[in-house]
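Okay, structure first, notes after.
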Amino acid sequence: MKLLATPLTRDKADTLLLLGSAVLVLAPHALHLPLWVSLLCGATLAWRAAITLRGKRMPPALVLLPVAVAAMAGVQFSYETLLGKDAGVAMLVLLVAFKMLEMHARRDLFVVIFLCFFLVLTNFFYSQGIGTALLTVASVLLLLATQLSFQFACAVPPLRTRLAMAGRTLAFALPIAIVLFVVFPRIHGPLWTMPGDAAGPSSGLSDSMAPGQMSNLALSEETAFRVRFLTPPPVQTQRYWRGPVLDFFDGLTWSRGASQASGRDLHLTVHGDAIDYEVTLEPSQSRWVFTLEMPGELPQVAGHELRLSPQFELTANDAIASRVRYRASSHLQFVFQGGPSLDDAQRWLLLPYGFNPRALAAGRELRRLPDPAQRVEAVLAQFREQPFEYTLSPPLLGRHTVDEFLYGTRSGFCEHYSGAFVFLMRAAGVPARVVTGYQGGEINPLDGFMTVRQSDAHAWAEVWIAGIGWQRVDPTAAVAPERVRRGLDASVQRPAPFGIEALRGMNPFHSGANAWLAQLRNAASAVNNGWNQWVLNYTPERQREVVRDLQRKLFGWPFIALLTSVAVGLALLVFLRRRREIHPVDALYSTLCKRLGQLGLARAQDEGPSAYAARVAGASELAPQTRTAAQDFLRRYSAWRYAPPTTDPRLTATLKSLLSQVR
């Protein structure tokens, strides 16, 4: 308490400010660094703060060197390399912390500040959201104020003043940064590539489906992609976003068989009006590209080459490692492979041997119905009429997953219903397959964008009927129609936050959330989406469009006329402001100098009023009365300007009288 009550010296105050700046810079890295790195940095900074407050000497190099070597060995052990993004950032964080204990000269202070400036940039390796940008601005502002603190030779202004000075510095740099952001040539992908950084965590749908997989994904509120409709959007029940098509079943897991890009006619016929939209796909480290069923043409994705499989799956040639945007056009009415026969029908009838005997027998019983459409309806009626339950936490299943689900638990998520339905259809002799993707989406009333989240992941089925082609059948809708009509929250109850039922209404993603929480979520989503659309997704293609638009506007006469008017108005405003700010006494002094200049005694730019008066006193070319009046004027003006302010209200009148005598 005594240390806190004692006023800090300037050196201690500046050092503590530097420590605070370093904490603000280092804190975000605790989210991705190993725990031991964060604890070691925290202990090092606390040690440096204690040394500063107590006025102790810093540890010698013999103490710091072994600690630094051990820390580098720890980085090697944690990352199995000293190269790459993560290992490099970890070493840089440790370097900043250790440098705090090795500051002996003024130069070391600036080394720490410049290292912190560089470390601020590394935050964008891990997150480029608007929160990271705001934190970066705050960090740079505090670092600039810290740097200014070391520049003052005498008295140091208050911290508020230094922060204001740093803010003005940022304000001066902001226009340049905006211009460079808009017009500086951009490239596809990041500006840096480091060893071992190519792979990253994946999110979203995979190439396989097993019971429990999608129900776990449904708990995630991460954004999969956003959609801006250029035409009226479809209703909720028609928002099926097609993804991987699964054809192979090993008794436990559905997966994709061998599927090559199609170079032949897929026999797709579309009808009705097209729905035009623009998709902003979040990075997922997968190759899947999603469109509304069914796209009439292949979309164009900058930096990627899209491939179309015979099952109408869209994939990119490389993993989607960064946010991409593309336009698409889809038709809700279509006929897909609607011929009299199917070339590879046996592929969609295969079932594993020795699994699910009861379901296999039930499917074969359905073959007594002559029409495949009747077999489809019979299974859907079974789902509707029998006590099946749609739940996020179904019981575990054993070896015969379909039998145990259909005739035992009767509780499951979309993967249970679609998988069991396709199994029954294949046993009944109807070609069928599982289609995964997303269903639904929530439109934000503030910006008009529709957000499709990972919780909207869904699985449905397709059956092939001669003369009709592949038809979408959603068995989940037979059990829980609200899932398709209103979304996931309308059909299942999510777990309460932290298991506390009282907090269920505080979840802004829950359908029963408070109205103000929902509005707050929509506002945050709109702001974040705007940041993604206009900052993070400012691609080379968009830059070319913006530059072309600027060229058309900059070289047009309306813009030139507007720019000229603004420039003239600003110049006039500055001129009038300066005229208003000039003191009447200063105005009389300017008039005197101008009048003496006309008489051959122009004042030099570096000549003060006293020196000017001495030169006027020796000017024989002036009349005695003029010389005396000018000297008296300059003496009074000098006393007013450089002495304590006068309170004589007659000064202006006296100077005007003397000025009138200068002829």
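Note: hydrogens, waters and symmetry copies are ignored here, and every other heavy atom, side chains too, is used.
Checked by atom type, the side-chain pair Gln454/Tyr438 shows a donor-acceptor distance below 3.5 Å. For Trp254 and Ser418, the side-chain atoms include no donor-acceptor pair closer than 3.5 Å. Using modelled atom types and a 3.5 Å distance limit, the side chains of Thr122 and His29 yield a donor-acceptor pair. A donor atom on one side chain and an acceptor atom on the other are not found under 3.5 Å apart for Asp276 and Thr231.
Not a single donor-acceptor pair under 3.5 Å links the side chain of Thr401 to the backbone N or O of Leu397. Side-chain atoms of Arg433 never come within 3.5 Å of backbone atoms of Asp247 as a donor-acceptor pair (strictly under, hydrogens ignored).
Sorted by first and then second residue, the ring pair (Phe, Tyr, Trp, His ring centres under 6.0 Å) pairs with a member in residues 292-329 read Phe312-Phe336; sequence neighbours excluded. Among pairs with a residue in residues 375-386, those fulfilling salt bridge (charged side-chain N to carboxylate O under 4.0 Å, His left out) read Glu377-Arg384, at least two apart in sequence or across chains.
In this structure, Arg228 fails the cation-pi test against Tyr277, since its NZ or CZ atom is not both closer than 6.0 Å to the six-membered ring centre and inside 45 degrees of the ring normal. Geometric assessment of Arg242 against the ring of Phe290 yields a negative cation-pi assignment under the 6.0 Å and 45° thresholds. Taking the ring axis of Phe449 as reference, the NZ or CZ atom of Arg226 does not stay both within 45° of it and closer than 6.0 Å to the ring centre.
A salt bridge is absent between Arg472 and Glu462; no separation between the charged side-chain nitrogens and carboxylate oxygens falls under 4.0 Å.
Aromatic rings from Phe405 and Tyr417 are positioned such that their centres are separated by under 6.0 Å. Between Trp460 and Phe421, the ring centre distance reaches or exceeds 6.0 Å.
Using a 4.5 Å heavy-atom threshold, the side chains of Glu313 and Trp288 count as touching. No side-chain heavy atom of Val463 sits under 4.5 Å from any side-chain heavy atom of Trp470.
Here Glu293 contributes atom CD and Thr291 contributes atom OG1; the two are 8.0 Å apart, rounded to the nearest 0.5 Å. The line from CG of Leu406 to NE2 of His416 is 10.5 Å long, rounded to the nearest 0.5 Å.
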ask   = Checking side chain to side chain donor-acceptor pair (under 3.5 Å) for the pair Asp273/His331: CA distance, chi angles, key distance, verdict?
value = CA-CA 7 Å; Asp273 296 332; His331 295 261; over 6 Å; no

request  = Begin with the C-alpha distance, continue with both residues' side-chain angles, and end with the deciding distance and a verdict on side chain to side chain donor-acceptor pair (under 3.5 Å) for Ser284 and Ser286.
outcome  = CA-CA 5 Å; Ser284 61; Ser286 68; 2.8 Å; yes

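Taking Gln374 as the reference, Leu369, Pro370, Asp371 meet the side chain to side chain contact (heavy atoms under 4.5 Å, CB included) condition, with sequence neighbours excluded.
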